[in-house]
**Q** 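Input: one structure, supplied below.
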Amino acid sequence: MPSPEVSDLAYRLGREAEAVCRHYLSAGQRSGKYWQVGNIQNQPGASLYVRLVDTRAGVAGKWTDASTGEHGDLLDIIRLRCRLSRFVDIVDEARAFLALPRQPVVTPPNRIKGASPDAACRLISASQPLADTLAIEYLHRRKLIDLSHTTALRFHPNCYVRPRSASNRAAWPAMIAAVTDLDGRITGAHRTWLDPLTADKAPIDPPRKAMGHLLGNAVRLGAVDDVLAVGEGIETILSLRQALPTLPLAAALSAAHLTAFLFPSGLRRLYIAVDRDHAGQRARKALTQRAMAVGIEAIPLLPRLGDFNEDLCRFDADQLHATLVEQVRPEDMGRFTRFPNRR
């Protein structure tokens, strides 16, 4: 059991969680109620997330690295970032940090607005259905023809963007995806900005970005009963739909968020569409372990190339079906497949 002094230090650091993160994990950034960074080595990314406020899931200051499974509190971050081994040195560093005068952190108004589920709801409400839009052209270019059960996807003709690189264009058309929690409440939105001249991703950096509360949530396509397929990207999971048109799908939007995906009630089998890169493989392993721990069968779906949309664009839906038939349970092929008599 930690001493009262250590518990008090951890509590005080938790009250200053964002300031601690800005100091020791400066390569990260705030995303809703969390600070996200690549890893404990302070590299850019979003695998490691630190809770900045108390929630039902836990207290401020607790952190988890979705790629490695490491977790701890802010004292652990100080220990690892400062490479301290003696307990007295860790306590001294924490005391010194808490005693430092710090300027209050002022978050730009647009960051506050953009990070909220309310802003995501407003964007989705201002969007229109996909039919006869540039978003349909974009999806068709990716060989995504069967778009049944995709009401979570919409289109905005003039969506504001702030690219990292210099640009004199403040808005582009965009495919909008609603991010929802397990109760169907909108918690965020994902934007894929599009070029009207090419019907491809807009020539900006980055061409896609999410907003709102994403951790544990997903873009959901189809109602879940007891079987679900989950992956990183929207195009990746939509590729599965071309061969399995009634299979419920979820896009977690990144490898880190895939690791933290929350399981729907009643789920007994989870297919994990794996991206063939290091982050995708680690996310698959971590999500499989979490699923098995609660009695859910987890089955990886492995593409031939980098991801299933690459497979679909290089080959076709028949060859994608042939890839999946070797990996999907026979009863699920019969239940969800386009070709119920094919084996």
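Here, residue 1 is the first one in the sequence, and each next residue gets the next number. Keep in mind that this is a model prediction, so the values were computed, not measured.
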**Q** What heavy-atom pair brings Met333 and Leu324 nearest, and what distance separates the two atoms?
**A** SD-O, 4.3 Å

**Q** For Tyr24, enumerate each residue passing the ring pair (Phe, Tyr, Trp, His ring centres under 6.0 Å) test, keeping only those at least two apart in sequence or located in another chain.
**A** Phe97

**Q** Between atom CG of Leu312 and atom CG of Leu320, what is the distance when rounded to the nearest 0.5 Å?
**A** 6.0 Å

**Q** Looking at Asp146 and Ser148, would you say the former's side chain and the latter's main chain have a donor-acceptor pair under 3.5 Å?
**A** yes

**Q** Check step by step if side chain to side chain contact (heavy atoms under 4.5 Å, CB included) holds for Cys21 and Glu18.
**A** CA-CA 5 Å; Cys21 290; Glu18 185 169 351; 5.6 Å; no

**Q** Report the distance from atom CG of Leu144 to atom OG of Ser239, rounding to the nearest 0.5 Å.
**A** 5.0 Å

**Q** Is a donor on one side and an acceptor on the other found under 3.5 Å between the side chain of Gln327 and the backbone of Thr323?
**A**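 At least one qualifying donor-acceptor pair exists.
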
**Q** State whether the side chain of Lys143 and the backbone N or O of Cys313 hold a donor-acceptor pair below 3.5 Å, judged by distance alone.
**A** yes

**Q** Work out which heavy atom in Asn42 is nearest to a heavy atom in Ala27; give both atom names and the distance.
**A**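 Smallest heavy-atom distance, with atoms named: OD1-N, 3.0 Å.
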
**Q** Could you give the distance from CD (Glu137) to CZ (Phe155), rounded to the nearest 0.5 Å?
**A**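 Reported value, rounded in 0.5 Å steps: 9.0 Å.
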
**Q** Quick check: closest heavy atoms across Pro173 and Leu134, and the distance to 0.1 Å?
**A** CB-CD2, 3.8 Å

**Q** Should Leu240 and Phe315 be counted in the same cluster of Ile, Leu, Val, Met, Phe, Trp and Tyr side chains packed under 4.5 Å apart?
**A** no

**Q** Suppose the criterion is salt bridge (Lys or Arg N to Asp or Glu O under 4.0 Å): which pairs have a residue in residues 210-233, not counting sequence neighbours?
**A** Asp225-Arg335, Asp226-Arg268, Asp226-Arg335

**Q** Do any N or O atoms from the side chain of Thr133 and from the backbone of Pro129 form a donor-acceptor pair under 3.5 angstrom?
**A** no

**Q** Identify the two heavy atoms, one from Ser47 and one from Gly38, that lie closest to each other, and give their separation to 0.1 Å.
**A** CB-O, 3.3 Å

**Q** Give the C-alpha distance, both sets of side-chain angles, the deciding distance and a yes or no for side chain to side chain contact (heavy atoms under 4.5 Å, CB included) between Val20 and Val50.
**A** CA-CA 10 Å; Val20 174; Val50 185; over 6 Å; no

**Q** Is it true that, when you exclude His71 itself, more than 12 heavy atoms of the residues, nucleotides or ligands shown sit nearer than 6.0 Å to its NE2?
**A**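 Counting other residues, nucleotides and ligands, NE2 of His71 stays at 12 neighbours or fewer.
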
**Q** Rounded to the nearest 0.5 Å, how far apart are CG of Leu244 and CZ of Phe336?
**A**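 Separation between the atoms: 8.5 Å.
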
**Q** Which residues satisfy the salt bridge (charged side-chain N to carboxylate O under 4.0 Å, His left out) test with Glu235, sequence neighbours excluded?
**A**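 Salt bridge (charged side-chain N to carboxylate O under 4.0 Å, His left out) check on Glu235 returns Arg208.
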
**Q** Using the side-chain hydrogen bond (donor to acceptor under 3.5 Å, both in side chains) criterion, which residues pair with Tyr49? Sequence neighbours excluded.
**A** none

**Q** Whether the side chain of Ser26 engages the backbone of Arg22 through a donor-acceptor N/O pair (distance < 3.5 Å, no angle test) should be reported.
**A** no

**Q** Could you note down all residue pairs passing salt bridge (Lys or Arg N to Asp or Glu O under 4.0 Å) where residues 62-77 supplies at least one of them, sequence neighbours left out?
**A**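 Counting only pairs at least two positions apart or across chains, the salt bridge (Lys or Arg N to Asp or Glu O under 4.0 Å) contacts touching residues 62-77 are Asp76-Arg79.
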
**Q** Do any N or O atoms from the side chain of Glu326 and from the backbone of Ala322 form a donor-acceptor pair under 3.5 angstrom?
**A**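 Not a single qualifying donor-acceptor pair exists.
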
**Q** Can you list the steps and then say if Arg191 with Met211 is a side chain to side chain contact (heavy atoms under 4.5 Å, CB included)?
**A** CA-CA 8 Å; Arg191 298 150 291 177; Met211 61 190 291; 3.6 Å; yes

**Q** Listed by chain and number, what are the side-chain hydrogen bond (donor to acceptor under 3.5 Å, both in side chains) partners of Arg86, not counting sequence neighbours?
**A** Asp89

**Q** When clusters are formed by joining ILVMFWY residues with side-chain heavy atoms under 4.5 Å apart, either directly or through shared neighbours, do Ile237 and Val325 land in the same one?
**A** yes

**Q** For residues Leu48 and Asn39, report the shortest heavy-atom separation together with the two atoms involved.
**A** CD1-C, 3.9 Å

**Q** Are Thr187 and Asn217 close enough, and set up right, to give a side-chain hydrogen bond (donor to acceptor under 3.5 Å, both in side chains), and what steps lead you there?
**A** CA-CA 8 Å; Thr187 65; Asn217 304 317; 3.2 Å; yes

**Q** Please identify each residue that fulfils salt bridge (charged side-chain N to carboxylate O under 4.0 Å, His left out) with Arg314, with sequence neighbours left out.
**A** none

**Q** Enumerate the salt bridge (Lys or Arg N to Asp or Glu O under 4.0 Å) contacts for residues 274-300, please, sequence neighbours excluded, ordered by first and then second residue.
**A** Arg269-Glu297, Glu297-Arg329

**Q** Identify the two heavy atoms, one from Leu153 and one from Ala177, that lie closest to each other, and give their separation to 0.1 Å.
**A** CD2-CB, 3.6 Å

**Q** Which pairs, with at least one residue in residues 32-47 and sequence neighbours excluded, count as a salt bridge (Lys or Arg N to Asp or Glu O under 4.0 Å)?
**A**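 For residues 32-47, and leaving out neighbouring residues, there are no salt bridge (Lys or Arg N to Asp or Glu O under 4.0 Å) pairs at all.
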
**Q** Quick one: do Leu84 and Glu93 satisfy side chain to side chain contact (heavy atoms under 4.5 Å, CB included)? Show the steps, please.
**A** CA-CA 9 Å; Leu84 301 173; Glu93 174 67 20; 4.0 Å; yes

**Q** Would you mind telling me which of Ile145, Thr246, Thr150 makes a side chain to side chain contact (heavy atoms under 4.5 Å, CB included) with Arg241?
**A**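 Checked Ile145, Thr246, Thr150 against Arg241; only one passes side chain to side chain contact (heavy atoms under 4.5 Å, CB included): Thr150.
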
**Q** With a 4.5 Å limit on heavy-atom distance, are the side chains of Val227 and Leu247 in contact?
**A**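 Yes, close enough: below the 4.5 Å cut-off.
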
**Q** In the hydrophobic clustering that connects Ile, Leu, Val, Met, Phe, Trp and Tyr at side-chain heavy-atom distances below 4.5 Å, which members other than Leu270 occupy its cluster, ordered by chain and number?
**A** Val224, Leu228, Val230, Leu258, Phe261, Phe263, Leu267, Ile272, Val274, Leu287, Val294, Ile296, Leu302

**Q** Using a 6.0 Å distance limit plus a 45 degree cone around the ring axis, check whether Arg30 lies over the aromatic ring of Tyr34.
**A** no

**Q** Salt bridge (charged side-chain N to carboxylate O under 4.0 Å, His left out) with Asp132: which residues, sequence neighbours excluded?
**A**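 Testing Asp132 for salt bridge (charged side-chain N to carboxylate O under 4.0 Å, His left out), a comparison that skips the adjacent residues, returns none.
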
**Q** Taking salt bridge (charged side-chain N to carboxylate O under 4.0 Å, His left out) as the test, write out the residues that go with Asp92, two or more places apart.
**A** Arg95

**Q** For a quick check under 3.5 Å, do Tyr138 and Asp195 share a side-chain donor-acceptor pair by atom type?
**A**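 No, no side-chain donor-acceptor pair sits under 3.5 Å.
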
**Q** Do the non-hydrogen side-chain atoms of Leu147 and Ile136 ever get within less than 4.5 Å of each other?
**A** yes

**Q** Looking at Arg154 and Ile124, would you say the former's side chain and the latter's main chain have a donor-acceptor pair under 3.5 Å?
**A**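 Yes, because the side chain of Arg154 sits within donor-acceptor range (under 3.5 Å) of the backbone of Ile124.
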
**Q** Out of curiosity, Cys159 SG to Trp193 CH2, how far, rounded to the nearest 0.5 Å?
**A**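 Atom-to-atom, Cys159:SG and Trp193:CH2 are 5.5 Å apart.
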
**Q** Give a yes or no on whether the backbone of Ala66 and the side-chain of Thr64 come within a donor-acceptor separation of less than 3.5 Å.
**A** no

**Q** Measuring from atom OG of Ser31 to atom CG of Leu215, what distance do you get when rounded to the nearest 0.5 angstrom?
**A** 8.5 Å

